[in-house]
Amino acid sequence: MTLKQYAMSLSDKRLAIVGIGVSNTPLIKILLGYGVSVLACDKKERHELEGLAEELEALGAELCLGKNYLDSLDADIIFRTPGMHPYNPALIKARENGAEITSEMEVFFKLCPCKIIAVTGSDGKTTTTTLISEILKKAGHNVYVGGNIGNPLLPVVDSMTENDIAVLELSSFQLMTMVQSPDVSVITNLAPNHLDVHSSMDEYVHAKENIYLHQSNEGRLILNLDNEITRSFAPNAKGFVEYFSRQKMPENGAYFDGETLFRVENGKSTEIVKATDIRIPGLHNVENYMAAICATFDFVQPHHIAEVAKEFGGVEGRLELCRIKDEVRFFNDSMASSPSRTIADLRSFSEKVILIAGGYDKNIPYDDLGPVVLEHVKKLVLTGATAEKIRIAVESAPGFDSNLLEIVMEPDFTLAVQKAAAMAMPGDTVILSPASASFDRFKNFVERGRFFKKVVNEL
């Protein structure tokens, strides 16, 4: 079925689309273009949409905006925004009244004509997704990248052929209601995250499992062997399971012996790339590369992977070296929205660093971060809603000594960056790695990272 055919099948339906954002706005315009009746709902007020409200109304959309935006969900089909919990009371009521609840991504899965490789996890999703796409492109494949990164793919689905490959990053929110799974599923790792939205860790984990639970026997699941939660998924997989590991060699998958990354099939190893040839730093990126090796190996040659490793400089906002001033290096890892991500960042450097952390509180624990900060941080600047939680975690860690680790609490983000820079001496490294989401003060992690770079470049 094409997108046009799908849209035409809705001609006698009333649709509500919740969330007038990046993924849903193109969908609204497409459906309106095919004459479908669309109610577009968003908690933003009209002035916050900056002219988009008037544009959509001119195309024929009915709008419901503001704090009561869910009061009019009287529709046959409701497209929820990925960040909206499927058990929101308004959606429960609509479902009880006979409405079908779906999403832009679920429709894409129905219509996509090509193979889909998708990545999820608590950390490393974006880098792994990008690596997979870059490796496939290096081998000459026509690749579409989307999901939680890039542009929405549903508007271009009719341009895809069966010979293309779609590479997706999928969040737990996107996966919660999925009833289809990709051809190749990658789970980088799992640790507590997004517990401000998910009702429990169990719900979060189960949402992630949807990336593989609906695969056929021909599907392929790639798991982190070193992560207890992801390792436990293997018995539930219908298709072929591969592992990647820094601790031991699996029968099938990829492993790292401390110097070299290998691909292994039925116990036979093939050398892929030396860790020293990988441009982006950190053992966590070794893991990301191993996951990408497993996901792409059926589509590429080993030298394609090695070439990307030597050329790829990283994703914006992911341990991005943004400036060297007075022999001080400034790194932007605004994407580090969880403690486990920041822990991986800190372990990427041989020297102790100056860390800027803190942000929106997702109700996740910070206990594991404390000891790692003591080991890898020389000065700590805390800002945002989680600043106090992180401070307590650090000061509660065994061996904490205020004479050895200076902690600065600075509510103002700009001043926090400036104070961290003022503490630095030639040869030091300053890292923004918040261990927290951005929503206390920024629209998203991209905006936070770019603001950080702006402040750094104005020093």
Side-chain angles (χ1 to χ4, degrees), residues 118-132 147-149 168-175 185-198 201 204-205 207-209 211 222-231 233 243-247 254 256 278 280-295 314-320 331-349 355 357-360 362-369 372-373 376 386 390 393 431-438 444-446 448-449:
V119 180
T120 196
S122 297
D123 300 302
K125 296 186 298 295
T126 300
T127 298
T128 302
T129 303
T130 306
L131 288 174
I132 290 169
N148 209 34
I149 60 173
L168 310 177
E169 176 189 322
L170 298 178
S171 69
S172 58
F173 309 129
Q174 288 168 312
L175 285 166
S185 301
V186 181
I187 306 180
T188 58
N189 51 61
L190 282 176
N193 206 345
H194 299 299
L195 299 185
D196 56 323
V197 176
H198 290 290
M201 182 63 180
Y204 172 66
V205 170
K208 294 292 191 181
E209 285 191 281
I211 200 170
I222 296 157
L223 299 173
N224 185 339
L225 186 61
D226 305 335
N227 182 272
E228 182 180 357
I229 299 175
T230 60
R231 189 170 63 244
F233 293 160
Y243 298 99
F244 61 92
S245 175
R246 290 195 288 116
Q247 298 177 3
F256 177 54
I278 297 175
I280 50 178
L283 284 174
H284 58 290
N285 282 316
V286 168
E287 292 186 350
N288 294 337
Y289 264 100
M290 288 192 291
I293 288 169
C294 294
V315 178
E316 181 184 9
R318 174 62 81 210
L319 264 190
E320 171 193 10
F331 283 87
N332 166 32
D333 199 346
S334 179
M335 288 179 72
S337 61
S338 67
S340 56
R341 177 68 241 182
T342 296
I343 288 170
D345 282 350
L346 296 177
R347 288 173 172 164
S348 299
F349 296 90
L355 172 65
Y360 175 78
K362 295 191 288 184
N363 294 329
I364 55 180
Y366 287 86
D367 299 348
D368 292 344
L369 181 60
V372 181
V373 168
H376 293 277
T386 59
I390 297 173
I431 304 175
L432 171 67
S433 185
S436 314
S438 58
N444 51 43
F445 70 85
V446 175
R448 175 171 63 185

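Quick caveat: nothing in here was measured; it's all calculated off a predicted structure.
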With side chains defined as the heavy atoms from C-beta onward, is the minimum distance between [X] and [Y] less than 4.5 Å?
X      : Y      : value
Asn285 : Thr127 : yes
Ser340 : Asp368 : no
Ile364 : Pro339 : yes
Ile229 : Met201 : yes
Arg347 : Leu283 : no
Tyr366 : Ser436 : yes

Listed partners of [X] passing side chain to side chain contact (heavy atoms under 4.5 Å, CB included), at least two apart:
X      : value
Gln247 : Asp226, Ser245
Thr230 : Ile187, Leu190, Leu223, Asn224, Asn227
Ala292 : Leu131, Ile132, Ile135

For [X] versus [Y], what's the shortest heavy-atom pair and its separation?
X      : Y      : value
Ser334 : Gly449 : OG-N, 3.3 Å
Arg448 : Ala437 : NH1-O, 3.0 Å
Ser348 : Pro281 : OG-O, 4.2 Å
Ala336 : Pro434 : O-CD, 3.5 Å

With rounding to the nearest 0.5 angstrom, report the [atom1] to [atom2] distance, [X] to [Y].
X      : Y      : atom1 : atom2 : answer
Leu225 : Glu287 : CG    : CD    : 11.0 Å
Ile280 : Thr130 : CD1   : OG1   : 9.0 Å
Thr128 : Ile293 : OG1   : CD1   : 11.0 Å
Ile390 : Leu355 : CD1   : CG    : 8.0 Å

[X]: salt bridge (Lys or Arg N to Asp or Glu O under 4.0 Å) partners, not counting sequence neighbours:
X      : answer
Arg318 : Asp333
Glu169 : none
Glu320 : Lys453

Using the side chain to side chain donor-acceptor pair (under 3.5 Å) criterion, which residues pair with [X]? Sequence neighbours excluded.
X      : result
Thr342 : Ser433
Thr188 : none
Arg341 : His284, Asp345
Thr129 : none

Measure from the side-chain N and O atoms of [X] to the backbone N and O of [Y], and report whether any donor-acceptor pair falls under 3.5 Å.
X      : Y      : value
Ser185 : Ile211 : yes
Lys125 : Asn148 : no
Tyr289 : Ile278 : no
Lys208 : Gly121 : yes

*Residue pair Asn444 / Ser438, side-chain donor-acceptor N/O under 3.5 Å*: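 Note: Asn444 and Ser438 side chains miss the donor-acceptor criterion.
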*Is it true that the side chains of Ser338 and Asp123 contain a donor and an acceptor less than 3.5 Å apart?*
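Side-chain D/A pair, Ser338 to Asp123: present.
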*asked:* Once ring-ring contact (aromatic ring centres under 6.0 Å, His included) is applied, do any residues pair with Phe349, and if so which ones, sequence neighbours excluded?
replied: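 ring-ring contact (aromatic ring centres under 6.0 Å, His included) check on Phe349 returns Phe331.
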_The criterion is ring-ring contact (aromatic ring centres under 6.0 Å, His included); which residues satisfy it with Phe256, sequence neighbours excluded?_
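Phe256 satisfies ring-ring contact (aromatic ring centres under 6.0 Å, His included) with no other residue.
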